[in-house]
Amino acid sequence: MSETTAFPDVQARAAERKTPRGRTFSEHPLVQLTIVRFLETLREPEALFWIFAFPILLAGGLGIAFRNRPAEVLKIATVTPALTESLQREKLLSVQQLSRPSAEEALRTGKIALLAVPGANGAIVYRYDDTNPEGRTARMLADRAVQQAAGRVDPVLSSDVLMREPGSRYIDFLIPGLLGMNLMGSAIWGMGFTVVDMRRKKLLKRLVATPMPKQYFLLSYVFSRILMLVAEVGIVLGFGAWIFHVPVRGSLLSLALVCLLGSLTFSAMGLLLASRAKTIEAASGLMNAVMLPMWIASGVFFSAQRFPDVVQPIIKALPLTAAIDALRANMLQGAGLVQLSPQMGVLGAWLIFCFILALKLFRWR
Amino acid sequence: MSAAISPAALRVTGLQKAYQDVVAVNGLDLEVRAGECFGLLGPNGAGKTTTVEICEGLTAPDSGEVELLGLHWNTDADQLRQRLGIQLQDTQLSEKLTVFETLRLFRSFFSQGPGAAEAIALVQLEEKKNSRVGNLSGGQKQRLALACALVGDPDFLFLDEPTTGLDPQARRQLWDLIEQFKSSGRTILLTTHYMDEAERLCERVAIMDNGKQIALGSPRELIASTCAEHMVAFSAGAKAHALDIAALRRIQGVRGVRSENGTVEMQVTELHLAVPALLAELTRQNIPLTELSTHSATLEDVFVSLTGRHLRDE
């Protein structure tokens, strides 16, 4: 190849520069940045595992561990044949007759939930751990059986209607929680790690040395995030619906809006956390410090209501709490956007705060 | 050369930049003519990279002026970005992307220039077109970085230590490429601490030390003005301490003598007269010779005679 054709001279270049030729869609810098961002994520097997496989493994494991089982038969023990006989009337109790020392031993090691022994004057003494729900249940069942065997007649007749429908089980509570946790993790990690890695490799500096419009760089993250989001949310929800019949009672559109707003908010947090850090270690320290409290407090695995009332306003103001509350309200109660507005407001406020601060603090090098 | 192009492609005046208490650039003036390859030389920490990054608009100077292609960073940044090709020191391009994807991305930022495939051909990476960047050798990565700088068809090319860390063969290959680009009217500003690189590629060089310019001229001029044509180096081994340096200075044709760690370096004008005279003098002083070498003076020798230090001392 001759040099003159490879490198047109300065005047020809200047003339061409004045009338740049049109470019196709795929030649647009925003499209290219988004494609590159997306390819880089797809070519990172670890990231794919955390985004897609991990929440499914977690949901599957926890869903099985906490599945609703038929009421469990509680193991109890007695030391006399008479007591054993009267307690065997209760079908929810499995009664063993043991010698006193081995019964004591079984109670201490948790093999039985309750030990019934005869007391003075024909009375009965129940020995159990009252902090153990099984012990308390066994106490009630055993006492009812003993009293009825002795001739007690209940003054009011009662009967049971059983409810085991989807929407009120642990897995129904868990799936929106995992979805929220996944939104947070993939956005903060996806944004934080890649930006810090690019800064560490001086690739950010190299990019600002080109005519790349800086807003396109940020927008490319938003677009590739949305692309990933569709897959991420779809997989977790699809898994929940298919395996555990977890319902989505609200509109899919408002669910999508909650996911989008949540993901953007967490991306802005990721950008903020990555705005200055120069090493992966520094960045992951920051990200864990921000995410860990929310994993615990925001009601991913258990209700945030369990924390004391004093801290409830703080917990409610956390973005992950807002995201999960909104997801649960939509999926389980069928809440519309109007009912979700408090949570959307919290997310929006975090989004604006983090984004503006991140733009102020951000360093390209 | 067209008359419309200003004869000075880059003019830097009174440039000053300090980081905390370290003065990186201390009142630097530079002028790079359109169409030339200008070398900025100096040891690590001389302020080369800071100077270049100020010229590239990546770092703001504390004071001083930069005029590039007749434009200024504070008013014409967008236009300048389109017209510059930049290769930064140790940029690691994304390892997960292929050569082609990387260049397609960089090409999308510029309004004109060769296509990605064309740019790959320019730096002779056709065989690696679909390889991931992470699988390239050091020399191939540097050629890709060069292609990223060329993909906007720049009028002015900045190359910051383009061959640092490469093996000799990869360096020569890169030099061949840079020489090709010079012939198309582009201006190049190259920083290096390899003197042979500057001698091979640059029409003019400025030598920097401690944030200042200490010499300016063509490599030949600098060598001619600061030292003699030839360098003679010898080692006297264990008896080095007994050597009478003053006697060596009196030998005909010897212009200067430096002694360091038992090795003596002499600047010499007439090698054929000076070497026999040196051998006779050493015999007279009863000094055994353990090593003797001669070479034509280089920019390295210029630097040593200007600063008393070697370039690679860090």
Side-chain angles (χ1 to χ4, degrees), chain A residues 1-45 47 194 197-214 216-217 220 364-365, chain B residues 1-2 4-5 34-35 53 56-59 77-98 101-102 104-116 118 121-122 132 145 148-155 158 180-187:
Chain A
M1 150 177 33
S2 94
E3 284 152 15
T4 45
T5 56
F7 304 107
D9 75 1
V10 173
Q11 273 176 304
R13 285 204 299 275
E16 205 183 321
R17 203 160 256 134
K18 287 197 184 90
T19 52
R21 64 192 177 85
R23 51 181 154 203
T24 63
F25 176 73
S26 72
E27 284 168 350
H28 194 276
L30 182 53
V31 177
Q32 278 300 319
L33 281 164
T34 307
I35 291 175
V36 159
R37 178 94 288 111
F38 196 63
L39 285 178
E40 282 179 321
T41 314
L42 286 186
R43 290 174 187 173
E44 188 88 63
T194 47
D197 196 43
M198 286 172 86
R199 182 181 293 118
R200 187 175 65 85
K201 291 176 170 170
K202 301 194 181 168
L203 195 47
L204 283 184
K205 187 163 120 186
R206 181 65 188 86
L207 286 176
V208 282
T210 70
M212 174 189 77
K214 290 180 188 167
Y216 285 177
F217 180 77
S220 73
W364 291 90
R365 47 195 300 172
Chain B
M1 190 59 49
S2 154
I5 305 288
E53 288 187 353
E56 290 165 342
L58 293 172
T59 302
D78 290 346
Q79 214 187 330
L80 271 172
R81 287 259 164 263
Q82 286 288 347
R83 296 180 61 186
L84 300 185
I86 290 178
Q87 186 201 31
L88 297 174
Q89 210 178 315
D90 19 89
T91 299
Q92 293 166 268
L93 294 162
S94 178
E95 306 214 323
K96 298 258 176 331
L97 300 177
T98 67
E101 287 161 352
T102 303
R104 198 177 51 180
L105 172 70
F106 276 85
R107 176 62 186 82
S108 76
F109 303 145
F110 293 90
S111 60
Q112 63 153 65
E118 227 178 306
L122 286 178
R132 298 261 177 104
C148 290
L150 290 170
V151 84
D153 201 10
D155 294 328
F158 287 97
Q180 279 183 39
F181 307 141
K182 277 169 58 179
S183 53
S184 55
R186 277 162 224 270
T187 312

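All values below come from the heavy atoms of this structure, side chains included, with hydrogens, waters and symmetry mates left out. Numbers restart at 1 for each chain; the letters A, B, ... are given by sequence-line order, proteins then strands. This one's a predicted model, so the numbers in the text were calculated from it and none came from an experiment.
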Relative to chain B, which segment of Leu30(A) carries a heavy atom at a distance below 4.5 Å: side chain, backbone, both, or neither?
-> neither

Where does Phe106(B) contact chain A at under 4.5 Å (heavy atoms): side chain, backbone, both or neither?
-> side chain

Taking atom types as modelled, is there a side-chain donor on Ser26(A) or Arg104(B) under 3.5 Å from an acceptor on the other?
-> no

Which distance, rounded to the nearest 0.5 Å, do you find between the [atom1] of [X] and the [atom2] of [Y]?
{"X": "Leu105(B)", "Y": "Leu207(A)", "atom1": "CG", "atom2": "CG", "answer": "6.5 Å"}
{"X": "Met212(A)", "Y": "Phe110(B)", "atom1": "CE", "atom2": "CZ", "answer": "11.0 Å"}
{"X": "Gln32(A)", "Y": "Arg107(B)", "atom1": "CD", "atom2": "CZ", "answer": "10.5 Å"}

Check Pro29(A) against Phe109(B) and note the closest heavy-atom contact, atom names and distance.
-> CB-CD2, 3.8 Å

Counting heavy-atom pairs under 4.5 Å to chain B, which of Arg43(A), Arg365(A), Arg200(A), Glu40(A) comes out on top?
-> Arg43(A)

Between Glu44(A), Met198(A), Lys201(A), which has the largest tally of heavy atom pairs under 4.5 Å with chain B?
-> Lys201(A)

Lys/Arg-Asp/Glu bridge criterion (N-O < 4.0 Å) met for Lys205(A), Glu53(B) = yes

Flag the pair [X] / [Y] as yes when at least one side-chain heavy-atom distance between them is below 4.5 Å, and no otherwise.
{"X": "Trp364(A)", "Y": "Leu58(B)", "answer": "no"}
{"X": "Ile35(A)", "Y": "Glu101(B)", "answer": "no"}
{"X": "Lys96(B)", "Y": "Leu39(A)", "answer": "no"}

Taking the side chain from Arg206(A) and the backbone from Ile86(B), do they hold a donor-acceptor pair closer than 3.5 Å?
-> yes

Tell me, out of Thr102(B), Val151(B), Thr59(B), Asp78(B), who's got the most heavy-atom pairs with chain A below 4.5 Å.
-> Thr59(B)

